[in-house]
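To start, the structure itself, in structure tokens.
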Amino acid sequence: MISLRIGIGLAVLGLIALVTAVYVAKSSLPSYEELKSSPNGQMIRVFSDDGTLLVSLGPSYGEWLSFNQIPQVMRDAMVSVEDRRFRSHLGVDPIGVARSFKVRWDTGRWTQGGSTITQQLARNIFLSNNRTFARKAREMILALAMERKFTKDQILELYLNKVYFGGGAYGIDAAARKFYGHSAAELSLAEAAVIAGLVKAPSNYSPTADAEAAIGRAGVVIQTMREAGKITAAEAAAADPQSVELVTDPRQNSVRYFTDWALPQLDILIDETTQPINVYTTLDLNMQRAADRAIRANTPRGTQGALVALDRGGAVRAMVGGKDYVASIYNRATQAVRQPGSAFKLFVYLAALEAGITPDDAVVDEPVTIGGWSPRNSSGRFSGQVNIRTAFAYSLNTIAAKLGQEVGFGTVADMARRFGITTPVNTHPSMVLGTSDVRLIDMTRAFASVAAKGVAVTPFGIKKVTTVGDRVLYEHEVDTSRVLVAPYVAAQMTDLLQTAVATGTGAAAQIGRPVAGKTGTTSSNKDGWFLGFSSGITTGVWMGRDDARAVGGLQGGRAPARAFHDFMEVAVAKRPVETFDTQVTLPEWQLEPDEEAYFGEPDPGNYAGGYPGGDFVDEDGNPIQFEPGFDGPPPVTAPEDGEDVVAPERMDQEWIDRMLDRPVRQPPGRQPLQEQPAEERRIAPRRDQEPAPTPIP
């Protein structure tokens, strides 16, 4: 009797202690709304421009589904396989605990835990997975406390939205989107069975890791549901887990260069840091694959390559930061700073064009020394008098040096910064040949701004951010308000760029439609560049070694231009052909001899009256170029007897400077015009008069 009384007393004390512990635990439990918040980081799903999932980062929490939104088959599947007496126990199932001890006695090890859904929820939220009796005791107390504080429906809702299903997916909605590509609200019986079967061992039964094991486990779930009376025999027979279509995991090789660059920008775009979000990007998967192939196929052995492609407005359509992301996560498209070589001449010629120099102005390719620096051309020779277009097409270094000296090296540096170069730019004379380090994405941005007719282009990769429930947190708007240069300057620059591709150093970049671009090669062939645009796509390519060692045969007009060609053929294939504001003009060296000479007498004028003599030629015998739409010169009235006719002056830049009473500007290499007194200007005699006799000294 004494032993019985002691036993009863101890049991009562134990019960009192248990009840006390449960109510203390209940008072410390968070509210239901607090438990619904997503713990342990933010889930981010990243999509391409066409809505394809690129990558899912962080713990994956899908949309929170209320109890009534969760399909009945999903609720029944989970309860049947994990806790058949869920609706009847108080948080701990004595029968399940007893069965667990029996299995332990029969097998000699713990193979069946006997935990209820409530216990599993308590462990997932508050405890670790350590297999100790102390942890198990705390788990039971918390489960009993949760049953006192929350309803069965609330507990099941919390469980189904928080339990781990493998692959980083927490909750049935995240699992459904990961494996099936749709919301858990649309789950079929077979799909629900596969998901319910994952809880026991997510890594073993994952359909993406072991489809056969997942199907077998789903069959067990369906059979358990039939035995529990949740589905009929006919429904069980009709459910076919093998027919479930799974979503394949996206490739994460070169795409990760883009996501690594774009996603950190979320910190300044949105304030949401806990709720799951969807990030819709500008990446075009077809272009990305083409860019990957172009870099892999054309990059010389032992070197690296990078490519950036911008659509009009700045949307990044493709980005490759290296030949293999798995081997090297270093993004050479956005992080590497390298010398651009002659590609930097874009800013030299932009500054010159803005200063009034035109593509047809004559310059002299000759030895030049500036501050002790004497540039030389890659050909090793000088070509004498050429025009600006030819100098750019064949990337003559001496002409770039003369232009930089005329407009000012500081002006060239300012132009580079104006067009988006974010790295320091020096103002030494050699800077005109690209001795300042730049980033590929910045150079591509500059060329895109020229393609946009002088309007600033800012690269962006994120076009919209929403919550999983489609609430818009951010949406990008393209800014076209900042004009960098006048449209005519951009048009003249495009004139030069398309000539460089048509017949100059960038000929390998031709794709059968108008292309404008520029090559770049640094000293000792350490870096090769090609940047250009066509049909609304601007693409920049860089190649070289990470250790900046020389690469034999690496030139911008070779491998980089070929990579540009291979990529752009795919990128613009479905776009209409677009012509530039200026048509391509062949440089002087490409003109055939019969196009350089005029045979016979000049053609007579076609307009009544014409110029004196009826010929549309100037005093040097060169054809007069009229602007489009010009209807011809005004007729010249017959002079009065004894009156001389003064030949019209050439209204060129020199004439404009004289009329505005400002110093006459001369392009580099051109001799300044000597102003003549009026009485010494050439006087054209009347047709009916003999030429005036030459005075005898």
Checklist entry - Is there side-chain contact between Val363 and Asn387, with heavy atoms separated by less than 4.5 Å? => result no
Next on the checklist: Pair Val455, Val457 - check side-chain contact (heavy atoms from CB on, under 4.5 Å), show working.
Outcome noted: CA-CA 6 Å; Val455 176; Val457 170; 5.9 Å; no
Checklist entry - How far does CZ of Phe392 sit from CG of Leu403, to the nearest 0.5 angstrom? => result 11.0 Å
Checklist entry - Between Ala413 and Asn426, which heavy-atom pair has the shortest distance, and what is it? => result CB-O, 4.5 Å
Checklist entry - Regarding Ser374 and Thr369, is there a side-chain donor-to-acceptor distance under 3.5 Å anywhere? => result yes
Next on the checklist: For a quick check under 3.5 Å, do Thr282 and Asp49 share a side-chain donor-acceptor pair by atom type?
Outcome noted: no
Checklist entry - About how many Å separate CE of Met319 and OG1 of Thr444, when rounded to the nearest 0.5 Å? => result 9.0 Å
Item to check | Polar side chain donor-acceptor pair, Lys518 to Ser395, under 3.5 angstrom | outcome: yes
Checklist entry - Does a donor on one side chain sit under 3.5 Å from an acceptor on the other, for Trp261 and Asn331? => result no
Checklist entry - Just wondering, do Asn397 and Arg376 contact through their side chains at under 4.5 Å, heavy atoms? => result no
Next on the checklist: Do Val572 and Ile511 make a side-chain contact, defined as non-hydrogen atoms from C-beta onward lying under 4.5 Å apart?
Outcome noted: yes
Checklist entry - Is any NZ, NE, NH1 or NH2 atom of the basic residue among Asp546 and Arg332 found under 4.0 Å from an Asp or Glu carboxylate oxygen of the other? => result yes
Item to check | Gln304/Tyr330 under side-chain contact (heavy atoms from CB on, under 4.5 Å): CA gap, chis, key distance, verdict | outcome: CA-CA 11 Å; Gln304 279 289 351; Tyr330 182 57; over 6 Å; no
Item to check | Leu310 vs Val316 side-chain heavy atoms within contact, under 4.5 Å | outcome: yes
Checklist entry - Is it true that Arg293 and Asp566 make a salt bridge, defined as a side-chain N closer than 4.0 Å to a carboxylate O? => result no
Checklist entry - Do Thr281 and Lys463 have a side chain donor and acceptor closer than 3.5 Å? => result no
Checklist entry - Any luck finding a side-chain donor-acceptor pair between Ser48 and Asp50 under 3.5 Å? => result yes
Checklist entry - Which heavy-atom pair separates Gln510 from Val501 by the least distance, and what is that distance? => result NE2-O, 2.9 Å
Checklist entry - Using a distance-only test with no angle check, is there a side-chain donor-acceptor pair under 3.5 angstrom linking Asp361 and Thr358? => result yes
Next on the checklist: Can you see whether Tyr488 has Lys453 sitting over its ring - NZ or CZ less than 6.0 Å from the centre and within 45° of the normal?
Outcome noted: no
Next on the checklist: Less than 4.0 angstrom from a charged side-chain N to a carboxylate O is my criterion; do Asp292 and Lys323 meet it?
Outcome noted: no
Next on the checklist: Measuring from atom CD1 of Ile399 to atom NZ of Lys345, what distance do you get when rounded to the nearest 0.5 angstrom?
Outcome noted: 9.5 Å
Checklist entry - Relative to the ring of His476, is the ring of Phe460 parallel (under 30°), tilted (30 to 60°) or perpendicular (over 60°)? => result parallel
Next on the checklist: Taking the basic N atoms (NZ, or NE/NH1/NH2) and the acidic carboxylate oxygens, is any pair closer than 4.0 Å for Arg338 and Asp437?
Outcome noted: no
Checklist entry - How close do Val320 and Ala333 get, heavy atom to heavy atom, and via which atoms? => result O-CB, 3.8 Å
Item to check | Residue pair Ser436 / Pro424: nearest heavy atoms and the distance that separates them | outcome: CB-O, 3.8 Å
Item to check | Chi angles and distances behind the side-chain contact (heavy atoms from CB on, under 4.5 Å) call for Leu433, Phe344 | outcome: CA-CA 6 Å; Leu433 303 186; Phe344 193 83; over 6 Å; no
Checklist outcome for this item: Here the gap from Ile388 atom CD1 to Thr499 atom OG1, rounded to the nearest 0.5 Å, amounts to 12.5 Å
Checklist entry - Cut-off 3.5 Å, side chains only: do Gln288 and Ser254 have a donor facing an acceptor? => result yes
Checklist entry - Do Phe258 and Val308 come close enough that some side-chain heavy atom pair is under 4.5 Å? => result no
Checklist entry - Under a 4.5 Å cut-off applied to non-hydrogen side-chain atoms, are Leu353 and Met493 in contact? => result yes
Item to check | Check ion pair Glu569-Arg513 (N to O, under 4.0 angstrom) | outcome: no
Checklist entry - Are Phe564 and Phe533 close enough that their ring centres sit under 6.0 Å apart? => result no
Checklist entry - Among Ile421, Val425, Val485, Val348, which one satisfies side chain to side chain contact (heavy atoms under 4.5 Å, CB included) with Met415? => result Val485
Checklist entry - Distance-only, no hydrogens or angles: does the Thr521 side chain make a donor-acceptor pair with backbone N or O of Gly528 under 3.5 Å? => result no
Checklist outcome for this item: Correct closest heavy-atom pair for Ala446 and Leu346 would be CB-CD2, 4.0 Å
Checklist outcome for this item: Here the side-chain hydrogen bond (donor to acceptor under 3.5 Å, both in side chains) pairs for residues 306-315, sequence neighbours left out, are Asp311-Arg317, Asp311-Arg575, Arg312-Glu578
Checklist entry - Are the side chains of Trp529 and Leu440 in touch, meaning some heavy atoms are under 4.5 Å apart? => result yes
Item to check | CG-CE distance between Leu307 and Met543, expressed to the nearest 0.5 angstrom | outcome: 8.5 Å
Next on the checklist: Please check this pair: side chain of Asn377 against backbone of Ser379, looking for a donor-acceptor N/O pair closer than 3.5 Å.
Outcome noted: no
Next on the checklist: I need the Tyr394 OH to Ser378 OG distance, nearest 0.5 Å.
Outcome noted: 12.0 Å
Next on the checklist: Side chains of Thr259 and Leu283, heavy atoms from C-beta outward: is any pair under 4.5 Å?
Outcome noted: no
Next on the checklist: Looking at every non-hydrogen atom in both residues, tell me the closest pair between Ala509 and Phe530 and how far apart they are.
Outcome noted: CB-CZ, 3.4 Å
